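The next block holds one structure in the form of structure tokens; read it before the comments.
Predicted model, so just to flag it, every value in this text is computed and none were measured.
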Amino acid sequence: MADEATRSAFLEIQGRMIEATGKLKQVVNQIRIKEGEKKRAFLTLEELRQVPEDTNTYKAIGRTFVLEPKSVLIGEQEQKLNDSESALASLQTSKEYVEKQKAEVENNLRELLQQDPTLARQIMSMTVA
């Protein structure tokens, strides 16, 4: 009975570990994407600021380019930069939370394996196919 309870506890912890790892990968990927967007907005903004005021500037909309005042384009890029920074701050908080969850699950697994050495031996003897 205790052996079956230990196995079900292990399977539950294993599922939580897989879930936490997946969430962490997802958040890290979202952070990477937002950092790219932030960098792209920053570089575009820097280039726009170097362009003289009387230069025609165009905004890409799909395959079409629309004439836009430089000030409008600068405003849009500043907004993208600010949005990316706030999203990155939120994602960083989420990442820290998921990392704490994952560490907690790892501790639970470690405790379970210390309580039942036979389960630990069985897991170590399994081969990944």
**Study point:** pair T93-S90: side-chain heavy atoms closer than 4.5 Å
**Key:** no
Review point. If Ile, Leu, Val, Met, Phe, Trp and Tyr residues are connected whenever their side-chain heavy atoms lie under 4.5 Å apart, and connections chain through other members, are V66 and V72 in the same group?
Key: no
Review point. Given the rule in the side chain to side chain contact (heavy atoms under 4.5 Å, CB included) test, do T57 and L67 qualify, once you have shown the distances and angles that lead to the verdict?
Key: CA-CA 6 Å; T57 54; L67 181 64; 5.5 Å; no
Exercise for review: Answer yes if V105 and F10 sit in the same cluster of Ile, Leu, Val, Met, Phe, Trp and Tyr residues linked by side chain heavy atoms under 4.5 Å apart, and no otherwise.
Suggested key: yes
Practice item. Any chance you could lay out the side chain to side chain contact (heavy atoms under 4.5 Å, CB included) test for Q101 and Y97, step after step, and finish with the verdict? Key: CA-CA 6 Å; Q101 281 184 324; Y97 176 73; 3.2 Å; yes
Point to revise | Cluster link L81 to L43, ILVMFWY, side chain under 4.5 Å | key: yes
Practice item. Quick one: which residue pairs count as a side-chain hydrogen bond (donor to acceptor under 3.5 Å, both in side chains) with a foot in residues 18-30, not counting sequence neighbours? Key: E19-K23, N29-R32
Practice item. Quick one: which residue pairs count as a side-chain hydrogen bond (donor to acceptor under 3.5 Å, both in side chains) with a foot in residues 44-53, not counting sequence neighbours? Key: R49-E78, E53-K70
Review point. Between N82 and E85, is a side chain to side chain contact (heavy atoms under 4.5 Å, CB included) present by the stated rule, with each step listed?
Key: CA-CA 5 Å; N82 292 336; E85 287 175 348; 4.0 Å; yes
Point to revise | Which atom of L88 lies closest to which atom of I31, heavy atoms considered | key: CD2-O, 3.6 Å
Practice item. Hey, could you give me the NZ/CG distance between K38 and D83, rounded to the nearest 0.5 Å? Key: 12.5 Å
Review point. Is any side-chain N of the basic residue among K59 and E76 closer than 4.0 Å to the acidic one's carboxylate O?
Key: yes
**Study point:** All salt bridge (charged side-chain N to carboxylate O under 4.0 Å, His left out) counterparts of K80, not counting sequence neighbours
**Key:** none
**Study point:** Close side-chain approach of L73 to Y58, heavy-atom, < 4.5 Å
**Key:** no
Point to revise | Closest heavy-atom pair and its distance - A41, Q77 | key: CA-OE1, 3.4 Å
**Study point:** Candidate pair M17 and N108, rule side chain to side chain contact (heavy atoms under 4.5 Å, CB included), full reasoning
**Key:** CA-CA 10 Å; M17 177 64 93; N108 292 344; over 6 Å; no
Review point. Passes salt bridge (charged side-chain N to carboxylate O under 4.0 Å, His left out), E99 versus K102? Steps please.
Key: CA-CA 5 Å; E99 285 174 339; K102 185 179 176 192; over 6 Å; no
Check your understanding: Do you know the tightest heavy-atom contact between L112 and I13?
Key -> CD2-CD1, 4.0 Å
